[in-house]
Amino acid sequence: MSDADSLKVSFSRPSIDSEEEKAVLDVLRSGWLTTGKYALEFEKNFSEYMNRDSSMLQERKKIGLSIEPVISLAVNSNTSGMILAMEACGVKSGTAVITTPYTFVSTATCAKHLGADVYFADIEKDSYNIDPDKIEEILKSPKGKNVKAIVPVHIAGNLANMKRIMEIAKKYNVKVIEDAAHSFPSPTKLGYAGTIADAGVFSFYVTKTITTAEGGMVCTRDKELAKRMTTMRMHGMDRTTWDRYTSPRASWEYDIIAPGYKFNLPDILAAIGVCQLKKADDFYQRRKKIVDLYNKAFKDLDFIKLPPDGEGNAWHLYLMRIVPENLKIDRYEFARKLQQEGIGISVHFIPLFNFTYWQSLDPNFTKENFPNAEKQYSDTITIPLWPDMTVEMAEQVIQTVIQIGKENHA
């Protein structure tokens, strides 16, 4: 029995049924397991999904954003997609990116893999997302001249202030790459999250809103960026593997035109994605049902603050914030008690200034200099939220939270 099976309510479980099982078997039986027709279908369908609301184009046009159709490139992880997007946008040694310390570590380490520096901007006081004012402070400073890209992260599916960030990027002539790992599907007036900026990268890790087990997608409206990322995704080769083995032209005839990577998504995973994408809207509605139950139960409690909620919120995660002044226990102890009661929980995220590597790069990278990120981290517990959760499971979580809060009320 796994640890997840021993819990009353698991933290997260993928919603997989016979459709995904059949798709995987079809791939296995086809004899073609790596990147091929299913990956191409997944990319095509994903682009069609992202391009389906033409009303967004008028809003984009008003503020000078590209209205070209979205191009989607399947990759084997959000991390590899971020590296491709950064490299295509010119991030390299001698340049820098601006991002948030309130993220999973790969957002920042992708820039380090390319030899670039990383400058951190604190999050907004009342959200988990990067503060545009702090971004501009860095761009105004002497080190701003090295910045090649801004990398906002849409934490838990609640979107960063992309309109303001895009205005700042235009003012200082820098690229914007959305880390949209948490934000599918997230429609806004300017387009779906991940398609608003120069590039955006999604995650299809097993806990995400749709899954391929491992995998991701890079989106862009820029044909030149798409061309560069397509080349770099597969060893810098001028032909795809699918083309090499299915076209009349000999498979060994190819050229290496750049020092690329091995970041392609195999068909055995893409086939799962094709099935999951069809269910994305339904998955959202089912998560939202659980969110509504949580919000209704917690809204009048003086020891809980509801998560921030803005336009296009995908509700990937439910970040429950405790009010420490009204409790005799801290976040750590509250989380421990939830686990003891069989509720699967996590914390999103440990700010990067807590990690040895990042501390070693800059002595000023401390919690004192990022008070908003530190405060949110200290008060937040991520509680279960997934499509197949039942009302009974949600009520189990709710009653356990309320019981712990009341038993430990200050």
Side-chain angles (χ1 to χ4, degrees), residues 75-124 127-132 134-139 141 143-144 146-156 159-160 162 165 168-169 174-183 193-194 197-203 205 208 216 218 261 263 317 346-374 376-377 380:
V75 288
N76 57 16
S77 71
N78 170 274
T79 300
S80 58
M82 290 296 294
I83 292 173
L84 287 175
M86 288 183 186
E87 195 275 343
C89 287
V91 176
K92 58 185 178 180
S93 179
T95 71
V97 304
I98 298 173
T99 194
T100 166
Y102 207 96
T103 183
F104 187 63
V105 66
S106 63
T107 307
T109 53
C110 289
K112 298 304 292 183
H113 287 314
L114 294 166
D117 292 324
V118 183
Y119 303 145
F120 293 100
D122 202 3
I123 61 176
E124 298 167 316
S127 84
Y128 294 86
N129 291 320
I130 193 167
D131 186 338
K134 297 296 183 181
I135 293 173
E136 189 157 25
E137 283 181 16
I138 295 171
L139 289 168
S141 72
K143 62 184 181 182
N146 298 325
V147 173
K148 185 63 69 171
I150 303 165
V151 188
V153 184
H154 305 307
I155 300 296
L159 305 193
M162 289 306 299
I165 290 170
I168 292 170
V174 297
K175 299 289 189 181
V176 179
I177 302 166
E178 298 170 76
D179 186 336
H182 290 187
S183 291
D198 296 283
V201 190
F202 297 89
S203 172
Y205 182 64
K208 297 302 189 289
V218 188
Y261 308 99
F263 287 164
L317 300 171
S346 189
V347 172
H348 294 82
F349 284 102
I350 304 172
L352 302 191
F353 47 71
N354 286 285
F355 295 123
T356 299
Y357 170 73
W358 292 102
Q359 291 171 350
S360 71
L361 298 181
D362 183 356
N364 294 315
F365 191 40
T366 63
K367 63 182 180 181
E368 289 77 15
N369 290 320
F370 298 87
N372 294 337
E374 174 60 18
Q376 294 289 45
Y377 165 61
T380 297

| query | Donor-acceptor pair, Glu178 side chain versus Gly194 backbone, under 3.5 Å? | reply | yes
| query | Okay, side chain of Thr99, backbone of Val151: is any donor-acceptor separation there less than 3.5 Å? | reply | yes
| field | 4.5 Å side-chain heavy-atom contact, Phe120 and Asp362 | value | no
| field | Test item: Lys367 and Tyr377 side chains (from C-beta on) under 4.5 Å apart, heavy atoms | value | no
| query | Got Thr103 and Leu352 here, is their nearest side-chain heavy-atom distance under 4.5 Å? | reply | yes
| Should the ring pair Phe349 and Phe104 be called parallel, tilted or perpendicular, given that the plane angle runs from 0 to 90° and is split at 30 and 60? | tilted
| field | For the student: nearest non-hydrogen atoms of Ala193 and Leu159, plus distance | value | CB-CD2, 3.7 Å
| query | Looking only at atom types and distance, does a side-chain atom of Asn369 sit under 3.5 Å from a main-chain N or O of Asn364, one as donor and one as acceptor? | reply | yes
| said: What I'd like to find out is whether the side chain of Val153 reaches to under 4.5 Å of the side chain of Tyr102, using heavy atoms alone. | reply: no
| Minimum heavy-atom separation for Ala111 to Val97, with atom names? | CB-CG2, 3.7 Å
| task | Using the six-membered ring wherever Trp is involved, compare the ring planes of Phe353 and Phe370 and label them parallel, tilted or perpendicular (cut-offs 30° and 60°). | result | parallel
| message | I need the minimum non-hydrogen distance between Ile138 and Tyr119, along with the two atoms involved. | response | CG2-CD1, 3.9 Å
| remark: Rounding to 0.5 Å, atoms CG (Leu84) and OG1 (Thr79) come to a distance of 11.0 Å
| said: So Pro152 and Met162, do their side chains get closer than 4.5 Å, heavy atoms only? | reply: yes
| At what distance, to the nearest 0.5 angstrom, does NZ of Lys112 lie from OG of Ser106? | 15.0 Å
| message | Go through it in stages, so that I can follow the logic: the residues are Asn78 and Tyr205, the test is side chain to side chain contact (heavy atoms under 4.5 Å, CB included), and I'd like the CA-CA distance, side-chain angles, deciding distance and then a yes or no. | response | CA-CA 8 Å; Asn78 170 274; Tyr205 182 64; over 6 Å; no
| message | To the nearest 0.5 Å, what is the distance between CD1 on Ile168 and CD on Glu136? | response | 5.0 Å
| request: Could you tell me whether a side-chain N or O of Gln376 sits under 3.5 Å from a main-chain N or O of Ser127, the two making a donor and an acceptor? | output: yes
| Hey, does the side chain of His182 reach the backbone of Ala156 with a donor-acceptor pair shorter than 3.5 angstrom? | yes
| note | Between the CG atom in Leu361 and the OG1 atom in Thr356, the distance rounded to the nearest 0.5 Å is 11.0 Å
| message | Could you report the tightest heavy-atom contact between Ile177 and Ala149, atom names first, then the distance? | response | CD1-CB, 4.2 Å
| remark: Value for OG1 (Thr109) from NE2 (His113), rounded to nearest 0.5 Å, stands at 4.5 Å
| field | Separation between CZ of Phe263 and CE of Met82, rounded to the nearest 0.5 Å | value | 12.0 Å
| Stepwise side-chain hydrogen bond (donor to acceptor under 3.5 Å, both in side chains) test for Thr380 and Tyr128 | CA-CA 10 Å; Thr380 297; Tyr128 294 86; 2.7 Å; yes
| request: Look only at the side chain of Asp179 and the backbone of Ala181, and say whether a donor-acceptor pair between them is shorter than 3.5 Å. | output: yes
| Check: Asp122 main-chain N/O paired with Asp131 side-chain donor or acceptor under 3.5 Å | no
| task | Would you name the heavy atoms of Thr95 and Lys148 that are closest together and state the gap between them? | result | CB-CB, 4.0 Å
| Side chains of Ile165 and Ile150: closer than 4.5 Å at any heavy-atom pair? | yes
| For Ile123, does its backbone N or O pair with a side-chain atom of Asn372 as donor and acceptor, under 3.5 Å? | yes
| message | A side-chain contact here means heavy atoms from C-beta on lying under 4.5 Å apart; do Asn129 and Thr100 qualify? | response | no
| request: Heavy atoms only: give me the nearest Lys134-Ala121 pair and the separation to one decimal. | output: CB-CB, 3.7 Å
